[in-house]
Amino acid sequence: MDRGALQLRLIGETVEIAKALGVEVWLRGGWAVDFFIGEVTRDHVDIDWFAWADDASALTDGLLRSGYEPLSGSASDQQLDFFKQGVESSFALLCKDRSGHVVVAGGPWAGEVWPEGMLDASPGRIGALQCRIISPRAQIEIKQMMPVWVPGRPRRRKDAEDITRLQAALGEQDTGPGMRT
């Protein structure tokens, strides 16, 4: 099985695990771009997700029971990292501040606000597989701002290409038939 097919299978598995647990997860990063566009546009190194910090324990237990292995590295109150069949899956943890804004749950950026409306997108789809994704406008903002938010992180070619794909898809959405919401 090629890496893309394996990652799609693991995305589907993660969606089913989360659903069985009553836990919300959202794809972010390159896979969120592809699920918004509706097709695989490039090779992906890993699978990036968002999840609520309050669900971290249940999500961890469910993933471990399904054969995922924990990885160390990130602050556990900021991100959960797992490995299965050669693929890394990372869950950046979210919470809400007193004003109801979605924020970084922990680590050095705890309390920093994520883009408004980030979790309000309709689910994305590739073939029969449907998954919650972050909004394309939030995805663009995150990809544009990451080198500013994390000094020393270079601008990556894949991020520029993802931004271009999202902007083109949003342009088609705004003017063409079969509009996505």
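Worth knowing before you read on, the calculation uses all heavy atoms, side chains too, and leaves out hydrogens, waters and symmetry mates.
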Minimum side-chain heavy-atom gap P115-H101 below 4.5 Å = no
ask   = Between K143 and G30, what is the shortest heavy-atom contact and its length?
value = NZ-N, 4.3 Å
request  = Please examine the side chains of V23 and W52, heavy atoms only from C-beta on, and report whether any two atoms are closer than 4.5 Å.
outcome  = no
task = Tell me whether L129 is reachable from I133 by hopping between hydrophobic residues (I, L, V, M, F, W, Y) whose side-chain heavy atoms are closer than 4.5 Å.
result = yes
note = Shortest non-hydrogen pair, R155 vs Q144, comes out as NH1-O, 2.8 Å
message = If we count only N and O atoms by modelled type, under 3.5 Å, do the side chains of Q85 and Y68 hold a donor and an acceptor together?
response = no
message = Within the 4.5 Å heavy-atom criterion, are V103 and K96 side-chain neighbours or not?
response = no
inquiry  = Quick check: is M145 connected to W109 through a chain of hydrophobic side chains (ILVMFWY, heavy atoms under 4.5 Å apart)?
reply    = yes
note = On a heavy-atom basis, the closest approach of A105 and A53 is CB-CB, 3.7 Å
query = Mind checking whether F35 and R132 have side chains closer than 4.5 Å, heavy atoms only?
reply = no
message = Is there a side-chain contact between E88 and D81 in this structure, where contact means two heavy atoms from C-beta onward sitting under 4.5 Å apart?
response = yes
query = Atom CD1 of I163 and atom CD1 of I140: how far apart are they, to the nearest 0.5 Å?
reply = 7.0 Å
ask   = Heavy-atom count around D97 CG within 6.0 Å, excluding the residue itself: above 12?
value = yes
task = Enter the distance from I142:CD1 to I134:CD1 here, rounded to the nearest 0.5 Å.
result = 4.0 Å
ask   = Would W31 end up clustered with F83 when hydrophobic side chains under 4.5 Å apart are linked, directly or stepwise?
value = no
query = Any chain of hydrophobic side-chain contacts (each under 4.5 Å) joining V45 to I47?
reply = no
key: Gap separating the SG atom of C95 from the CG atom of D54, nearest 0.5 angstrom   = 8.0 Å
key: Salt-bridge present (R42, D162; N to O < 4.0 Å)   = yes
message = Are I37 and I126 packed together at the side-chain level, in the sense that at least one heavy-atom pair is separated by less than 4.5 angstrom?
response = no
request  = Please assess M118 against Q139 for the test side-chain contact (heavy atoms from CB on, under 4.5 Å), listing each intermediate value before the final yes or no.
outcome  = CA-CA 8 Å; M118 179 176 79; Q139 185 71 40; over 6 Å; no
note = Nearest heavy-atom approach of V15 to C131 is CG2-SG, 3.6 Å
task = Quick one: closest heavy-atom pair of P136 and A121, and the distance?
result = CD-CB, 4.4 Å
query = Hey, are D34 and T41 close enough side-chain-wise for a donor-acceptor pair under 3.5 Å?
reply = yes
query = Mind checking whether W49 and F91 have parallel, tilted or perpendicular rings, split at 30° and 60°?
reply = parallel
key: A58 to L21 - nearest heavy-atom pair and separation   = O-CD1, 3.4 Å
key: Salt bridge flag under 4.0 Å for residues E141 and R137   = no
